[in-house]
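FYI, side chains are in, hydrogens and waters are out, and symmetry mates aren't considered; it's all heavy atoms of this structure.
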Amino acid sequence: MAVLVVLLLGFAAAGLCRGDTWSNPLDVADALAGHGDLSVVVQEWRLPRVVAACLFGALLGCAGAVFQNLTRNELGSPDVIGLDVGAYTGALTVMVVIEGSTASTAAGSVAGGLLTAGAVLALSTRSGFGGHRLIVIGIAVNAMLTAVNSWIILRADLDIAIAAEMWNVGSLNGVDWADLDVAFVAAVVLAVLLVLNARATHQAALGDAIAVTSGVRLTRHRLLAVVAGAGCTATVTAITGPIAFVALAAPHLGRAVTRSPGIHFVPAALTGAVLLLSADLVAQTLLAPTTLPVGVVTTAIGGAYLLLLLLKEVKRS
């Protein structure tokens, strides 16, 4: 945990120094204190981006931990079971049908993610809940919503279609303090929900029979878990667009670093923050002065990571 915190602070310091060019750390420290020519740049542009990467990475890490605990499967993740795509469907519907504002688009994204989560949970519990069943149904829903999204974009006006595709990549460009105000409120509410459901999560990880005998109401626990996980994902997607694979990788890496026997929320959150912050630094540096959307970097790295997980699952079976 200490190593993760040190890494997070190191990447955050590097993020504050990274702009069109690298800035002197002493000048950045003066800018944080409100002095020097860089004060506006650091406080209004770079600092919100760094804070957003930490907060959104933590939310995605928690979302991944929720669904991997719920499904008891390393492939259980919002990316795999279609919550990101569902949030994108909600945003697209608002963009194309209503032609709404940024706030209404964000609301549509949250609604789409929650409705998708509800549909996946309902379909996976019709004949008894199963983690593998939830993942398979989620993959099917993911594929169907991807087709729907493609159809919506093809029917949209060119300007809206271009804006929607740019938003779908996932980017921290342009995130400001106003966006973070909403995200912080959502994060506090979701953190309280995760804490209230933490005991049931740990008991359910031991098996349904043990969880029931220890007083856990499984239906209530699963509903709260899905709402919390979908809320974490939808909050991020509403502001940045879908950022893939952080939620998938963060719980695994957090468990490996801390050598914990299960998937815990705090290591997953810290690892998610480190992953997204480091990926954003790569996105800003790789083709500098051109800044890539961070979703491009996480998708490129995450695709290889998902392949490794799939090969691991094949060897187990």
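- The minimum heavy-atom distance linking Val50 with Gly15 is given by the pair CG2-C, 3.8 Å.
- Considering OG1 of Thr235 and CG of Leu60, their distance stands at 9.5 Å, rounded to 0.5 Å.
- Arg199 places no side-chain N or O within 3.5 Å of a backbone atom of Val216 that could act as its donor or acceptor partner.
- Between Leu70 and Ala225, the shortest heavy-atom contact is CD1-CB, 4.3 Å.
- From Met95, atom CE reaches atom CG of Asp157 across 13.5 Å, with rounding to the nearest 0.5 Å.
- The hydrophobic clustering, which links ILVMFWY residues whose side-chain heavy atoms are closer than 4.5 Å, places Leu281 and Leu4 together.
- For the residue pair Trp177 and Glu44, the shortest heavy atom distance occurs at CD1-OE1, 3.6 Å.
- When the side chains of ILVMFWY residues are joined at heavy-atom separations under 4.5 Å, either directly or via intervening members, Val182 and Val175 end up in two distinct hydrophobic clusters.
- Under a 3.5 Å cut-off, the side chain of Ser278 and the backbone N or O of Leu275 do form a donor-acceptor pair.
- Atom CG of residue Leu145 and atom OG1 of residue Thr89 lie 4.5 Å apart, to the nearest 0.5 angstrom.
- Side-chain atoms of Asp84 do not come within 3.5 Å of backbone N or O of Thr237 as any donor-acceptor pair.
- Annotation: side chain of Cys62 is not in contact with side chain of Leu190 (no heavy-atom distance under 4.5 Å).
- For the side chain to side chain contact (heavy atoms under 4.5 Å, CB included) with Asp280, the lone residue among Thr291, Val294, Leu292 that qualifies is Val294.
- Without hydrogens or angle criteria, Asn24 side chain to Leu26 main chain gives a donor-acceptor distance under 3.5 Å.
- A heavy-atom distance below 4.5 Å is not found between the side chains of Thr116 and Val85.
- Without hydrogens or angle criteria, Asn168 side chain to Ala164 main chain gives no donor-acceptor distance under 3.5 Å.
- Although no hydrogens or angles enter the test, the distance criterion places a donor-acceptor pair under 3.5 Å between the side chain of Gln68 and the main chain of Leu248.
- Looking at heavy atoms from C-beta onward, Asn69 lies out of side-chain contact with His202 at the 4.5 angstrom threshold.
- The shortest non-hydrogen separation linking Ala247 to Pro78 is CB-CD, 3.7 Å.
- In this structure a side-chain-to-backbone donor-acceptor pair under 3.5 Å is missing from Ser109 to Thr105.
- Here the side chain of Thr299 pairs no donor or acceptor atom with the backbone of Val296 at under 3.5 angstrom.
- Between atom CG of residue Leu92 and atom CD1 of residue Ile160 there is a gap of 10.0 Å, rounded to the nearest 0.5 Å.
- Between Phe11 and Val274 the shortest side-chain heavy-atom distance falls below 4.5 Å.
- To the nearest 0.5 Å, atom CZ of residue Arg18 and atom CG of residue Leu16 are 13.0 Å apart.
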Show every donor-acceptor pair shorter than 3.5 Å between a side-chain atom in residues 261-271 and any protein atom, with sequence neighbours excluded, or say none if there are none.
from, atom 1, to, atom 2, distance (Å)
Thr271, OG1, Pro267, O, 2.7

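- Between the Ser39 side chain and the His35 main chain, no donor and acceptor come within less than 3.5 Å of each other.
- Heavy atoms of other residues, nucleotides or ligands lying less than 6.0 angstrom from CZ of Arg155 number 12 at most.
- A ring-ring contact (aromatic ring centres under 6.0 Å, His included) check over residues 44-92, counting only residues at least two apart or in different chains, returns the pairs Tyr88-Trp167.
- Taking the side chain as every heavy atom from C-beta outward, His221 and Gln203 never approach each other to under 4.5 Å.
- Taking every heavy atom of both residues into account, Ala52 and Leu172 meet most closely at CB-CD2, 4.3 Å.
- Contact check for Leu134 versus Val120: side-chain heavy atoms found under the 4.5 Å cut-off.
- Using a 4.5 Å heavy-atom threshold, the side chains of Val80 and Ile139 count as touching.
- Taking both residues in full, the closest heavy atoms of Val28 and Ser23 are given as CG2-CB, 3.8 Å, listed atom of the first, atom of the second, then distance.
- Of the inter-residue distances, the one linking Leu47 atom CG with Leu32 atom CG reads 6.5 Å to the nearest 0.5 angstrom.
- Annotation: side chain of Ile137 is in contact with side chain of Val141 (closest heavy-atom distance under 4.5 Å).
- Under the 4.5 Å side-chain heavy-atom criterion for Ile, Leu, Val, Met, Phe, Trp and Tyr, Val227 and Leu218 are members of distinct hydrophobic clusters.
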